[in-house]
Amino acid sequence: MSVKSKLLRMKNHLQLENKNEPAADKIETPPAPKQDKMETAFKDIGFEPFYFDGERSYRKRILYPYATEQDYDLLKDMERIKQFWGAELSDHPLSFNGKEIDRLLFFDTETTGLSTGAGNVIFLIGYAKLKSEGIEVTQHLLESPSDEAAFLSGFLEDFREDDYLISYNGKSFDWPQVKSRHSFIRKELPKLPEFGHIDLLHSARRLWKHELPSCRLSIVEEKKLNIRRTNDIPGSMAPILYFDYLNDKNPYELRGVIEHNDQDVRSLVHLYKNLVMKLIWENDVPSSGMEHYYMGEWFDKLSIYEWAEKHYEHAIHKTTTPFPQVYYKLGVMYKKMGDKEKAGKYLELALKQGASPPVEAWIERSKLAEHYEKDPAKAYDYAKQGYQYIKKNGRFNEKKYTRQLADLNKRLKRLEKKQAF
């Protein structure tokens with residue numbers, strides 16, 4: 001069965017799934033233009049032709065002017081973020097290393113499939129840029145698979161060495177697709193430039209994977225950015241509509257996909273700002289206790305302990321129920337920093353908070369008692385408490401604690417000998 005046939009079957013399935021949902025406003029599709037009127041049809045939906053080496057592609061630019069105080073605040077906030085990264089945390093994964101704001105490309109693609117194989121083709125590339133007067137969205141559209149050189153050339157003409165991509169799953173999917181397609185026709189095209197790349201999917205998962213049913217962009221938009229789309233074409237329909245267009249030669253059939261991509265790249269601007277403001281300016285974008293915990297954990301893993309401490313402390317103050325895990329994280333962090341007194345204090349708090357302290361807290365407290373306090377009896381007592389806790393609370397799932405049990409067994413035997421000696 002051909003790829004198109006499979007997609008058409010998917011289309012019918014999706015229609016059946018949605019038959020009980022309220023009908024969206026129907027968009028009237030004009031009749032398909034004749035082949036010699038393709039340019040006119042594309043111009044009607046905002047695209048201008050782009051020619052390269054005898055091939056033709058289409059490019060659209062649209063400016064969304066700043067119209068409200070909130071719009072202008074977006075630009076001000078991005079300037080503040082730029083200054084902050086340059087002065088404070090230039091090595092953070094969300095830092096764009098002092099690049100100018102208008103060199104950020106909030107980037108997304110639409111493809112004929114979800115695989116990264118050679119048969120998958122990109123047919124729409126979109127990116128948003130922050131300008132002084134508004135958000136500019138540029139889109140490149142592939143007229144037909146035989147015009148791929150013109151399509152990629154138009155994109156590369158806009159793309160500079162000092163640009164910085166900001167995407168959503170772009171490191172794993174979108175950019176590898178661009179590289180793959182470029183490799184097939186690279187003799188005809190300029191080389192791909194080196195650039196920085198921030199993937200917001202990883203950041204969203206760090207903060208919200210335990211809270212949201214999925215970290216798909218549409219869900220993050222709705223739950224975290226209060227962006228609700230109407231009459232939106234789901235991404236799964238994009239390949240079907242593109243094959244319809246190739247069959248009918250009717251550019252109007254692509255309007256929904258084009259609008260979907262346009263909203264995607266503009267949403268990335270707001271998502272990036274929201275994530276960074278949560279990380280570094282608590283008063284501007286308030287966060288929940290759990291968000292602070294996961295942001296603290298992120299800074300902790302990056303060994304940026306000052307900011308990890310801030311977020312862990314916020315997590316404690318904003319959580320009404322006992323939160324032993326955050327005390328444990330603080331204890332381990334202070335131990336890494338060499339502050340054994342604070343490490344012991346917070347590990348003790350972890351063991352006293354609630355009914356489910358982390359098993360590792362007993363192990364770490366035992367280590368401190370043995371090596372820092374030089375008290376093997378106390379160390380033995382902590383290890384024994386941890387061992388008994390697992391046996392009592394993990395008896396139906398001891399496999400989960402295999403590593404910890406092995407550690408505690410070994411530790412207890414060694415401490416017994418140490419005390420006897």
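For this chain, numbers begin at 1 and follow the sequence in order.
Contact of the L142 side chain with the Y58 side chain is not registered, since no non-hydrogen atoms from C-beta on lie closer than 4.5 Å. Two residues are said to be in side-chain contact when any heavy atoms from C-beta on lie closer than 4.5 Å; I81 and I101 fail this criterion. Residues L279 and L275 fail the side-chain proximity criterion, which asks for heavy atoms closer than 4.5 Å. Between F52 and L152, the closest side-chain pair of non-hydrogen atoms is not below 4.5 Å. Inter-residue side-chain proximity for K43 and P49 is flagged as met; some heavy-atom pair is nearer than 4.5 Å. Side-chain contact between K60 and L141 is absent, with no heavy atoms from C-beta onward closer than 4.5 Å. W175 is listed as a side-chain neighbour of F107, based on a closest heavy-atom distance under 4.5 Å. No side-chain heavy atom of P93 sits under 4.5 Å from any side-chain heavy atom of H202.
Atom CD of E69 is surrounded by 12 or fewer heavy atoms from other residues, nucleotides or ligands within 6.0 Å. At most 12 heavy atoms of other shown residues, nucleotides or ligands fall within 6.0 angstrom of atom OH in Y387. Enclosure of atom NZ in K223 is not indicated, since only 12 or fewer non-hydrogen atoms of other residues, nucleotides or ligands lie within 6.0 angstrom. Counting heavy atoms of neighbouring residues, nucleotides and ligands inside a 6.0 Å radius, atom CZ of R216 does not exceed 12 of them. Within a 6.0 Å sphere centred on CZ of R61, other residues, nucleotides and ligands contribute more than 12 heavy atoms. More than 12 heavy atoms of other shown residues, nucleotides or ligands fall within 6.0 angstrom of atom NZ in K82. Within a 6.0 Å sphere centred on CD of E194, other residues, nucleotides and ligands contribute 12 heavy atoms or fewer.
The main-chain N or O of K76 is never found under 3.5 Å from a side-chain atom of E79 such that the two would form a donor-acceptor pair. Within the 3.5 Å criterion, the main-chain N or O of Y245 finds a donor-acceptor partner in the side chain of E253. S183 places a side-chain N or O within donor-acceptor distance of the main-chain N or O of S180, the cut-off being under 3.5 Å. Between the side chain of E143 and the main chain of S57, no donor-acceptor pair closer than 3.5 Å is present. In this structure, the side chain of N250 engages the main chain of Y252 through a donor-acceptor pair within 3.5 Å. Listed for the R181 side chain is no donor-acceptor partner under 3.5 Å among the backbone atoms of A149. The backbone N or O of T109 lies less than 3.5 Å from a partner atom in the side chain of D174, making a donor-acceptor pair. No side-chain donor-acceptor contact under 3.5 Å links D77 to the backbone of L74. Side-chain atoms of D199 come within 3.5 Å of backbone N or O of G170 as a donor-acceptor pair.
Across all their heavy atoms, S356 and Y389 have their closest contact at CA-OH, 3.5 Å. Taking both residues in full, the closest heavy atoms of A350 and P357 are given as O-CB, 3.3 Å, listed atom of the first, atom of the second, then distance. Annotation for A308 and G296: closest pair CB-O, 3.4 Å, computed over non-hydrogen atoms. Residues P176 and S172 come closest through the heavy atom pair CG-O, 3.6 Å. When all heavy atoms are compared, the tightest approach of P193 to L156 is CD-CD2, 4.3 Å. Between I240 and S236 the shortest heavy-atom distance is CD1-O, 4.2 Å.
Residues H197 and S167 bring a donor and an acceptor atom of their side chains to less than 3.5 Å of each other. With 3.5 Å as the limit, one finds a donor-acceptor pair spanning the side chains of S267 and E221. Counted by atom type alone, N261 and Q139 present one or more donor-acceptor pairs between their side chains at under 3.5 Å.
The only member of Y312, W281, F84, W298 that meets ring-ring contact (aromatic ring centres under 6.0 Å, His included) when paired with W307 is F84.
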Would you mind writing out the side-chain donor-acceptor pairs for residues 362-370 within the sub-3.5 Å range, not counting sequence neighbours?
residue: W362; atom: NE1; partner: Q385; partner atom: OE1; Å: 3.4
residue: E364; atom: OE1; partner: K335; partner atom: NZ; Å: 2.8
residue: E364; atom: OE2; partner: K367; partner atom: NZ; Å: 3.4
residue: R365; atom: NE; partner: E348; partner atom: OE2; Å: 3.1
residue: R365; atom: NH1; partner: E373; partner atom: OE2; Å: 3.1
residue: R365; atom: NH2; partner: E373; partner atom: OE2; Å: 2.8
residue: S366; atom: OG; partner: A379; partner atom: O; Å: 2.8
residue: E370; atom: OE1; partner: R414; partner atom: NH1; Å: 3.4
residue: E370; atom: OE1; partner: R414; partner atom: NH2; Å: 3.2
residue: E370; atom: OE2; partner: R414; partner atom: NH1; Å: 2.4
residue: E370; atom: OE2; partner: K418; partner atom: NZ; Å: 3.0

Using distance only, find each side-chain donor-acceptor pair of residues 122-131 under 3.5 Å and give its atom names and separation, not counting sequence neighbours.
residue: Y127; atom: OH; partner: H140; partner atom: NE2; Å: 2.8
residue: Y127; atom: OH; partner: D158; partner atom: OD2; Å: 2.7

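The CG atom of L330 lies 9.5 Å from the CG atom of L347; values are rounded to the nearest 0.5 Å. Note that the CG atom of L94 and the CD1 atom of I198 stand 6.0 Å from one another [nearest 0.5 Å]. Note that NE2 of H314 and CE of M295 are 8.5 Å apart. Values are rounded to the nearest 0.5 Å. In this structure, OG on S214 lies 13.0 Å from CH2 on W208, to the nearest 0.5 angstrom. E148 contributes atom CD, which lies 10.5 Å from atom NE2 of H182 (distance to the nearest 0.5 angstrom). Taking NE2 of H260 as the reference point, atom CG of N231 lies at 14.0 Å (rounded to 0.5 Å).
Sorted by first then second residue, the salt bridge (Lys or Arg N to Asp or Glu O under 4.0 Å) pairs that include residues 310-333, not counting sequence neighbours, are E282-K318, E297-K329, E306-K310.
Ion pairing of K99 with D163 is absent here, as no side-chain N (NZ or NE/NH1/NH2) approaches a carboxylate O to less than 4.0 Å. We find that D407 and R411 are joined by a salt bridge, their nearest charged nitrogen and carboxylate oxygen being less than 4.0 Å apart. The pair D147-R56 fails the salt-bridge criterion, with no side-chain N (NZ, NE, NH1 or NH2) lying under 4.0 Å from an Asp/Glu carboxylate O. Salt bridge R80/D284: present, at least one basic N to carboxylate O contact under 4.0 Å. Salt bridge D264/R229: present, at least one basic N to carboxylate O contact under 4.0 Å.
Aromatic pair F159/F155: ring centres closer than 6.0 Å. For Y346 and Y334, the gap between ring centers is short of 6.0 Å.
Between F299 and H311, the ring-plane angle classifies as parallel under the 30° and 60° cut-offs. Between Y272 and F96, the ring-plane angle classifies as tilted under the 30° and 60° cut-offs. H210 and Y294 have parallel rings, their planes meeting at less than 30° on a 0 to 90° scale where 60° marks the start of perpendicular.
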Q.
Working note: M337 + M333, criterion side-chain contact (heavy atoms from CB on, under 4.5 Å); need CA distance, chi angles, decisive distance, verdict.
A. CA-CA 6 Å; M337 294 169 67; M333 186 187 79; 4.0 Å; yes
Q: Kindly determine whether K224 and E291 satisfy salt bridge (Lys or Arg N to Asp or Glu O under 4.0 Å), including the steps that lead there.
A: CA-CA 12 Å; K224 296 299 176 179; E291 285 175 328; 3.3 Å; yes
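Annotation: cation-pi pair R266/Y64 present, NZ/CZ under 6.0 Å from the ring centroid and within 45° of its normal.
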